[in-house]
Amino acid sequence: QLQLVESGGDSVQSGGSLRLSCTASGYTGILAFMGWFRQAAGKEREGVAAIDRDGRTRYADSVAGRFTISQDNAKSTVYLQMSSLKPDDTAMYYCAAHLGGACSGLCPPLETPHFNSWGQGTQVTVSS
């Protein structure tokens, strides 16, 4: 069974940087795409960034230019480099993946229904 384990969450000051990591294990097959989502207190979960096996990426408008998603396929790991952090970036960050199949249409997707596996989350807190 696919397991996703996130790490790297921390408390930082506004303008700071963090790098989140997510490692996938316990699966057979292909991870068509992986992504990062976040959920702030009292808000819905939203897509932040995603990447497919071919390296195509997609970002939410709110993080474009500040966050960078990357992957190491050999390590089954995806990273989220976050820079110029703002208090509005404070949230629980979740790693997600789609096991099996392939990405079609607008790839990779940033909507939760496209992902079939989720990590437990890592907290990012940005203070002003």
Closest heavy-atom pair, Ala32 versus Gly100, reported as atoms and distance to 0.1 Å, is CB-O, 3.7 Å

Tracing side-chain contacts under 4.5 Å among Ile, Leu, Val, Met, Phe, Trp and Tyr outward from Tyr79 reaches none

Besides Ile30, the hydrophobic cluster formed by Ile, Leu, Val, Met, Phe, Trp and Tyr side chains linked at under 4.5 Å, directly or via other members, contains none

The side-chain hydrogen bond (donor to acceptor under 3.5 Å, both in side chains) partners of Glu111 (sequence neighbours excluded) come to Arg58

For Thr77, the side-chain hydrogen bond (donor to acceptor under 3.5 Å, both in side chains) test, sequence neighbours excluded, returns Thr23

### Task
Evaluate the side-chain proximity of Ser127 to Pro87: yes if any heavy-atom separation is below 4.5 Å, no if none is.
no

Joining Ile, Leu, Val, Met, Phe, Trp and Tyr whenever any side-chain heavy atoms lie under 4.5 Å apart, the cluster holding Tyr59 also takes in Leu2, Leu4, Val12, Leu18, Leu20, Tyr27, Leu31, Met34, Trp36, Val48, Ile51, Val63, Phe67, Ile69, Val78, Leu80, Met82, Leu85, Tyr93, Leu99, Val124, Val126

Nearest heavy-atom contact between Pro109 and Ala50 is O-CB, 3.3 Å

How about Gln39: does its CD atom have over 12 heavy atoms from other parts shown lying under 6.0 Å from it? yes

Closest non-hydrogen contact found for Gly47 with Ala60 is O-CB, 3.4 Å

Contacts of Ser17 meeting side chain to side chain contact (heavy atoms under 4.5 Å, CB included) (sequence neighbours excluded), chain-then-number -> Gln81, Ser83

Here the disulfide (SG to SG under 2.5 Å) pairs for residues 17-89, sequence neighbours left out, are Cys22-Cys95

Arg66 meets the side-chain hydrogen bond (donor to acceptor under 3.5 Å, both in side chains) criterion, sequence neighbours left out, with Asp89

Applied to residues 3-31, the salt bridge (Lys or Arg N to Asp or Glu O under 4.0 Å) test, sequence neighbours excluded, yields none

Residues 101-128 vs ring pair (Phe, Tyr, Trp, His ring centres under 6.0 Å), sequence neighbours excluded, gives Phe33-Phe115, Phe37-Phe115, Phe37-Trp118

Contacts satisfying disulfide (SG to SG under 2.5 Å) that involve residues 49-79 (not counting sequence neighbours) are none

Strictly distance-based, threshold 3.5 Å: is any side-chain N or O of Thr122 a donor or acceptor partner for the main-chain N or O of Gly9? yes

Q.
Are more than 12 heavy atoms, taken from residues, nucleotides or ligands other than Gln120, located less than 6.0 Å from that residue's CD atom?
A. no

Mark yes or no for whether Asp54, through its side chain, and Arg56, through its backbone, hold a donor-acceptor pair below 3.5 Å. no

Hits for side-chain hydrogen bond (donor to acceptor under 3.5 Å, both in side chains) against Glu46, two or more places apart or cross-chain, chain-then-number order -> Arg38

